[in-house]
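Worksheet for the structure shown next.
Everything numeric in this text was worked out from a predicted model, so none of it was measured. Below, all heavy atoms of this structure are taken into account, side chains as well, without hydrogens, waters or symmetry copies. First the proteins, then the strands, lettered A, B, ... as listed; each starts at 1.
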Amino acid sequence: AQSVTQLDSHVSVSEGTPVLLRCNYSSSYSPSLFWYVQHPNKGLQLLLKYTSAATLVKGINGFEAEFKKSETSFHLTKPSAHMSDAAEYFCVVSDWDFGNEKLTFGTGTRLTIIP
Amino acid sequence: GAVVSQHPSRVICKSGTSVKIECRSLDFQATTMFWYRQFPKQSLMLMATSNEGSKATYEQGVEKDKFLINHASLTLSTLTVTSAHPEDSSFYICSSGLSETQYFGPGTRLLVL
């Protein structure tokens, strides 16, 4: 069985400072990992994904994440936060179960940007 | 990336009525679509997997007779909430996969009075 743990339910950073959103996962196989962002009353937008290629993945809006198998982590970072980054972020692991894709969502991290 | 749309974006209905939500893949064909429910300040909960031309697969605890899913074409899946009650009020989101990535619709906010 796979699982995802987002270690912080809420993160606050000042505008212009670095962002770190933490995610740990467990999976029986080689998983695919994703970060999605959700703005209020909106659907989920893909930020980036890891699918067993390069371990450092670059996404949209300056975000990136590093897959560390030894630590079973996939933390999301951004060098400099912008006000528009304020949103809910979900770490997601994808696995295949009897031929069916199964997504497991983390509980989400709410990112607040302080002006 | 691929685009998934939902209609309507929000709907208000009276208790006891039925509501249909559409999920469309706009620029790709979707053999499989997923339906999720999201409560305020919580993560997404998978309700069912919609398969084109066959019956949907429901997650444990989801009433298939209450949440009717139809996937009649490769670009359209519908979720009908039958005899809606206030406890069905929620944010419903669909998704479909392309190139090992799930793309999500913008969601439908359902309020049952």
B:K66 NZ: over 12 foreign heavy atoms closer than 6.0 Å
yes
Should we count NE2 of B:H85 as having more than 12 external heavy atoms under 6.0 Å?
yes
Heavy-atom cut-off 4.5 Å, strictly under: side chain, backbone, both or neither for [X] against chain B?
{"X": "A:L46", "result": "side chain"}
{"X": "A:Q6", "result": "neither"}
{"X": "A:S32", "result": "neither"}

Check the hydrophobic clustering (I, L, V, M, F, W, Y; side-chain heavy atoms under 4.5 Å; chains of links allowed) and say if [X] and [Y] are grouped together.
{"X": "A:F34", "Y": "A:Y50", "value": "no"}
{"X": "A:Y25", "Y": "A:V57", "value": "yes"}
{"X": "B:L113", "Y": "B:L110", "value": "no"}
{"X": "A:Y89", "Y": "A:V4", "value": "yes"}
{"X": "B:Y92", "Y": "B:Y58", "value": "yes"}

Side chain B:S43, main chain A:G106, donor-acceptor under 3.5 Å
yes
Distance col, row A:E88:CD vs B:Q38:CD, nearest 0.5 angstrom, shows 7.5 Å
Using the side-chain contact (heavy atoms from CB on, under 4.5 Å) rule, take A:K42 and B:I93 through it: C-alpha gap first, then chi angles, then the decisive distance, then the call.
CA-CA 9 Å; A:K42 301 290 184 183; B:I93 302 176; over 6 Å; no
Working note: B:Q102 + A:Y36, criterion side-chain contact (heavy atoms from CB on, under 4.5 Å); need CA distance, chi angles, decisive distance, verdict.
CA-CA 10 Å; B:Q102 284 294 315; A:Y36 287 89; 3.6 Å; yes
Would you sort out whether A:L103 and B:F34 count as a side-chain contact (heavy atoms from CB on, under 4.5 Å), showing the intermediate values?
CA-CA 10 Å; A:L103 295 185; B:F34 299 91; 5.9 Å; no
Do B:F91 and A:Q38 come close enough that some side-chain heavy atom pair is under 4.5 Å?
yes
Given side chains that start at C-beta, do those of B:L44 and A:V92 come closer than 4.5 Å, heavy atoms only?
no
